[in-house]
Amino acid sequence: MNLSNEASDYAHQRDAFGHKLIAFPMVQDTLGKLTAKMEVELATVFDLITLYDRVVAKEACEEELILNRLFIAIMKKESAEQAIYFSHEAIEMHGGNGYIEDFVTPRLLRDAQVLTVWEGTANILGLEFVRLVRKFNAHTLFISSMKLRLEKVSKSTLKPIVVKVLDELQIDLNIFTSLEEDMQKFEAKAMAQRMAVVYESVIALEMAEVTGEHMALLADIYLETSWGLRKLGDPMKTCQLFK
């Protein structure tokens, strides 16, 4: 969140070609995508924390215990890697200033980089994902949980997008379970990343359902960006956030 704020604040203050940086559509696009990802991922982490609290309080059933472990694995990987990506974008927004120690962004990059080590490397989290699938059929619980939550989303016109990517993920997870263990370990990180984005996509729909027009736009931007839906010349949805 600090990284997104630093980039936004700088863009509102820095002059270039006779305008503030924030006036340029490409800058608005970058900040809009960061905002959408930040809001959706933050909500997803808090959704995970809600389940984790049930586990700690010994109120969770066996299926929730498994889902808790799965969500922790995929979201630790995703959020740690995104922190590094956000650092990169914030530094680039600052230009040369973002690289020197007079600004806060180099420290934020160092703080972000360590997350992929201390919070569990992607390889270790990938192995945890394989174990949860092979021993506990965590993938089946994940698909069932996401489908159940999607059934409760009734207002959003974006729902078919998430239904489609969830169905595609289910097909690939079924293929994944039929692979030899070494091949599963090879494919694990990519599969876990897709599951994290599907999880976040469901959360995005739920947020848009209850928090109004602004969040509906952020959910739209998140889904369009995450699943590569935008075509050349389509509306500049990210720029709408700055009107």
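A quick note: this is a predicted structure, and the numbers were derived from the prediction, not measured.
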No-hydrogen, no-angle side-chain donor-acceptor test under 3.5 Å, Glu89 and Tyr85:
yes

Under a 4.5 Å cut-off applied to non-hydrogen side-chain atoms, are Lys147 and Ile143 in contact?
yes

Closest non-hydrogen contact found for Leu229 with Leu223 is CD1-O, 3.7 Å

How far apart are the closest heavy atoms of Lys237 and Ile221, and which atoms are they?
O-CD1, 3.7 Å

In short, Leu115 meets Ala83 closest at the heavy-atom pair CD1-CB, 3.8 Å

Do Thr30 and Leu34 come close enough that some side-chain heavy atom pair is under 4.5 Å?
yes

Are Leu51 and Leu65 co-members of a hydrophobic cluster defined by side-chain heavy atoms under 4.5 Å apart?
no

How about Asp167 and Lys164: do any of their side-chain heavy atoms sit closer than 4.5 Å?
no

Mind checking whether His214 and Leu218 have side chains closer than 4.5 Å, heavy atoms only?
yes

Does the separation of the ring centres of Phe46 and Tyr52 fall below 6.0 angstrom?
no

Can you tell me if Glu213 has over 12 outside heavy atoms packed within less than 6.0 Å of its CD?
no

Go through the steps for Lys77 and Glu81 under the test salt bridge (charged side-chain N to carboxylate O under 4.0 Å, His left out), then give the verdict.
CA-CA 6 Å; Lys77 176 182 179 298; Glu81 291 175 349; 3.2 Å; yes

Is there a donor-acceptor pair under 3.5 Å between the side chain of Ser144 and the backbone N or O of Leu141?
no

One should read off an interatomic distance between Leu132 CG and Leu127 CG, to the nearest 0.5 angstrom, of 11.0 Å

So how far is it from Met75 CE to Leu48 CG, rounded to the nearest 0.5 Å?
7.5 Å

If you count every heavy atom of other residues, nucleotides or ligands that lies below 6.0 Å from Glu63 atom CD, does the total exceed 12?
no

Donor-acceptor contact present, side-chain Thr121 to main-chain Val117, <3.5 Å:
no

Side chain to side chain, Ile22 and Leu31, heavy atoms closer than 4.5 Å
yes

Is there a donor-acceptor pair under 3.5 Å between the side chain of Asp172 and the backbone N or O of Leu169?
no

Is Lys185 salt-bridged to Glu181, cutoff N-O under 4.0 Å?
yes

Rounded to the nearest 0.5 Å, how far apart are CD1 of Ile74 and CD of Gln193?
10.0 Å

How about Met195 and Phe129: do any of their side-chain heavy atoms sit closer than 4.5 Å?
yes

Looking at Pro25 and Met236, what are the two nearest heavy atoms and their distance?
CB-SD, 4.5 Å

Joint hydrophobic cluster, Leu125 plus Val45, side-chain heavy atoms closer than 4.5 Å:
no

Taking only residues two or more places apart in sequence or in another chain, which ones pass side-chain contact (heavy atoms from CB on, under 4.5 Å) with Met26?
Phe24

Which distance, rounded to the nearest 0.5 Å, do you find between the CD of Glu64 and the CZ of Arg69?
15.0 Å

Heavy atoms only: give me the nearest Glu41-Ser79 pair and the separation to one decimal.
OE2-CA, 3.2 Å

Donor-acceptor pair, Asn174 side chain versus Gln170 backbone, under 3.5 Å?
yes

So how far is it from Lys159 NZ to Leu166 CG, rounded to the nearest 0.5 Å?
11.0 Å

Say you draw a straight line from OG of Ser226 to CZ of Arg194; how long is it, rounded to the nearest 0.5 Å?
13.0 Å

Given 3.5 Å as the limit, does a donor-acceptor pair link the side chain of Arg230 with the main chain of Glu224, or not?
no

Test your reading of the model: is there a side-chain donor-acceptor pair from Gln184 to the backbone of Phe176, 3.5 Å cut-off?
yes

Tabulate below the donor-acceptor pairs under 3.5 Å that side-chain atoms of residues 197-209 make, not counting sequence neighbours, or state none.
{"residue": "Tyr199", "atom": "OH", "partner": "Asp47", "partner atom": "OD2", "Å": "2.6"}
{"residue": "Glu200", "atom": "OE1", "partner": "Lys37", "partner atom": "NZ", "Å": "2.7"}
{"residue": "Glu200", "atom": "OE1", "partner": "Tyr222", "partner atom": "OH", "Å": "2.6"}
{"residue": "Ser201", "atom": "OG", "partner": "Val197", "partner atom": "O", "Å": "2.7"}
{"residue": "Ser201", "atom": "OG", "partner": "Trp227", "partner atom": "NE1", "Å": "3.0"}
{"residue": "Glu206", "atom": "OE1", "partner": "Arg149", "partner atom": "NH2", "Å": "2.8"}
{"residue": "Glu206", "atom": "OE2", "partner": "Arg149", "partner atom": "NE", "Å": "2.9"}
{"residue": "Glu206", "atom": "OE2", "partner": "Arg149", "partner atom": "NH2", "Å": "3.4"}
{"residue": "Glu209", "atom": "OE1", "partner": "Lys155", "partner atom": "N", "Å": "3.0"}
{"residue": "Glu209", "atom": "OE1", "partner": "Ser156", "partner atom": "N", "Å": "3.4"}
{"residue": "Glu209", "atom": "OE2", "partner": "Ser154", "partner atom": "N", "Å": "2.8"}
{"residue": "Glu209", "atom": "OE2", "partner": "Ser154", "partner atom": "OG", "Å": "3.2"}
{"residue": "Glu209", "atom": "OE2", "partner": "Lys155", "partner atom": "N", "Å": "3.4"}

Ile49 reachable from Val55 in the ILVMFWY side-chain graph, under 4.5 Å edges:
no

Which heavy atom of Met146 sits nearest a heavy atom of Phe71, and at what distance?
CE-CZ, 3.9 Å

Establish whether Val56 and Leu70 are linked, either directly or via other cluster members, by ILVMFWY side-chain heavy-atom contacts under 4.5 Å.
yes

Do Ile84 and Gln113 come within less than 4.5 Å of each other through their side chains, counting heavy atoms only?
yes

